[in-house]
Amino acid sequence: MEPGAFFSSGDGWGESWVLDVGLIESLRFGPPDGHTDLDVAIALTRLLYDDFVSYGTDGRDMRLNNDTVPVVVKAHRAVIERLALEPPAWPFRAFDGPRGFGSYWRDNGMSGSWKARRDCVEEILGPTRDALEELQELEYESRFRNGPAGSFKNLIFAADGEKPEMVLRDAVNNDVEIVRNAHTCLVFTDPLPPQGLTWRQMVAWWTKNHQPDTDEKTAASGLYRRLYRSLDSVPEQLVMRTYCARYAKDGGFDLPALIPQVYLHYDPYTRRSGKQSGALPRQRMDFLLLTPDRARIVIEVDGVQHYGRPNPPDDKGRITHTAVPRLYAEMVAEDRRLRLAGYEIYRFGGWELTQPHAGQLVEDFFTELLARHRKPAL
């Protein structure tokens with residue numbers, strides 16, 4: 001449902017957008033035919049967000065006016081409460097006047113800053129939007145749990161043998177089939193929370209599916225050993241050991257999980273951006289972190305095979321490599337694609353992780369990375 005569904009197009013001259021007040025008031029008692037409360041709540045949230053941001057900045061493309069804003073706010077509150085969510089606390093209820101947004105920002109030191117006014121709207125409506133997105137994702141995933149069709153997979157990772165071969169049977173429904181070597185990899189089917197995936201959540205999933213009736217510490221040890229087996233290079237093992245040592249410290253179980261050898265990551269944010277599927281298949285991501293601030297971080301450890309091909313052994317049995325521009329170009333092209341999809345990518349050269357101070361280098365990197373991606377303050 002789009003916000004435009006609440007309007008007629010007007011006469012095209014004096015008034016471009018005419019709110020269907022009768023429809024809006026009816027939303028306080030239930031959604032229109034063919035739509036759910038979730039559809040309505042998302043559309044109303046977008047409408048209020050966009051119009052208040054527009055009023056607080058350039059004033060362009062506004063669809064509401066001072067008289068219609070209170071009607072929409074009341075309907076929005078009713079729909080949000082039917083979804084058992086906390087409605088926004090509005091410090092203003094209109095654009096102009098004593099109880100308007102304009103008076104509010106002038107009284108609160110925002111007169112000279114569009115950014116401050118946008119941040120104000122974000123503070124009011126951002127939590128509602130985020131909660132609705134989470135409900136939307138849970139509703140989307142529930143379709144694959146209640147019916148006979150669909151094999152919903154959020155992560156395919158940590159193969160400890162031959163790599164899995166996958167076919168995306170249905171790009172719209174994310175119906176992924178592992179056609180070969182399914183036994184070598186792990187498949188995470190639990191919903192991925194918008195606030196990231198912690199080690200504690202991964203351990204709970206592992207306990208339920210692989211080590212039932214064990215305590216958290218025992219299951220965590222089993223999961224770590226299984227993940228470590230999927231790593232086939234000393235530099236990758238160093239990254240895993242260095243990061244996972246943090247899990248043993250106070251609060252460590254609530255750190256983002258470091259997920260190795262990711263063959264597929266189902267990304268709900270990519271799906272919402274307009275693509276048909278959120279499935280992001282790649283030859284393989286060495287490591288993936290889903291952090292509390294909604295960042296998605298790929299960490300790659302580049303051996304020489306990433307950019308060169310081996311030459312025949314010399315007379316002493318030593319193997320050298322020749323740089324292959326095509327391999328490098330393919331690697332950076334894939335990086336561009338992931339960055340455009342919203343990912344951060346960090347690369348380590350395999351050589352630097354074999355040096356004497358490599359452990360400290362990795363430790364310092366993760367310290368800075370986690371500090372940058374803390375859970376946002378309320």
> What pairs with Y55 under ring-ring contact (aromatic ring centres under 6.0 Å, His included), at least two apart in sequence or on another chain?
Replying inline: F95, W105

> Looking at E122 and R129, does any basic side-chain N land under 4.0 Å from a carboxylate oxygen?
Replying inline: yes

>> Could you walk me through whether T68 and N65 satisfy the side-chain hydrogen bond (donor to acceptor under 3.5 Å, both in side chains) test, starting with their C-alpha distance in whole Å, then the side-chain angles of each, then the deciding distance to 0.1 Å, before giving a yes or no?
In response: CA-CA 5 Å; T68 55; N65 58 44; 3.2 Å; yes

> Can the positive tip of R200 be found less than 6.0 Å from the middle of the six-membered ring of F253, inside 45° of the ring normal?
Replying inline: no

> Pick one: which of F366, W199, Y224 meets ring-ring contact (aromatic ring centres under 6.0 Å, His included) with Y247?
Replying inline: W199

> From I345 CD1 over to M285 CE, what is the distance, rounded to the nearest 0.5 angstrom?
Replying inline: 8.0 Å

>> According to salt bridge (charged side-chain N to carboxylate O under 4.0 Å, His left out), who are the partners of E344, at least two apart in sequence or on a separate chain?
In response: none

>> Check this for me, if you would: do E81 and R28 make a salt bridge, where the nitrogen-to-carboxylate-oxygen distance has to be below 4.0 angstrom?
In response: no

> Between atom CD1 of I42 and atom CD of E133, what is the distance when rounded to the nearest 0.5 Å?
Replying inline: 7.5 Å

>> Test salt bridge (Lys or Arg N to Asp or Glu O under 4.0 Å) on R46 and E2; report intermediate values, then the result.
In response: CA-CA 9 Å; R46 285 177 54 194; E2 294 296 322; 3.1 Å; yes

> When rounded to the nearest 0.5 angstrom, what is the spacing between OH in Y346 and CG in L289?
Replying inline: 10.5 Å

>> Would you compute the distance between atom CD1 of I297 and atom CG of L370 and round it to the nearest 0.5 angstrom?
In response: 7.5 Å

> Considering only heavy atoms from C-beta outward, does the side chain of T128 approach that of Y49 to under 4.5 Å?
Replying inline: no

>> Could you measure the distance from the CD atom of Q261 to the CG atom of L227? Nearest 0.5 Å is fine.
In response: 10.0 Å

>> Among residues at least two apart in sequence or on other chains, which ones pass salt bridge (charged side-chain N to carboxylate O under 4.0 Å, His left out) with K249?
In response: none

> Do R225 and S221 meet the criterion of a side-chain donor-acceptor pair at a distance under 3.5 Å?
Replying inline: yes

>> Could you measure the distance from the CD1 atom of I124 to the CG atom of D119? Nearest 0.5 Å is fine.
In response: 11.0 Å

> Do W205 and Q201 come within less than 4.5 Å of each other through their side chains, counting heavy atoms only?
Replying inline: no

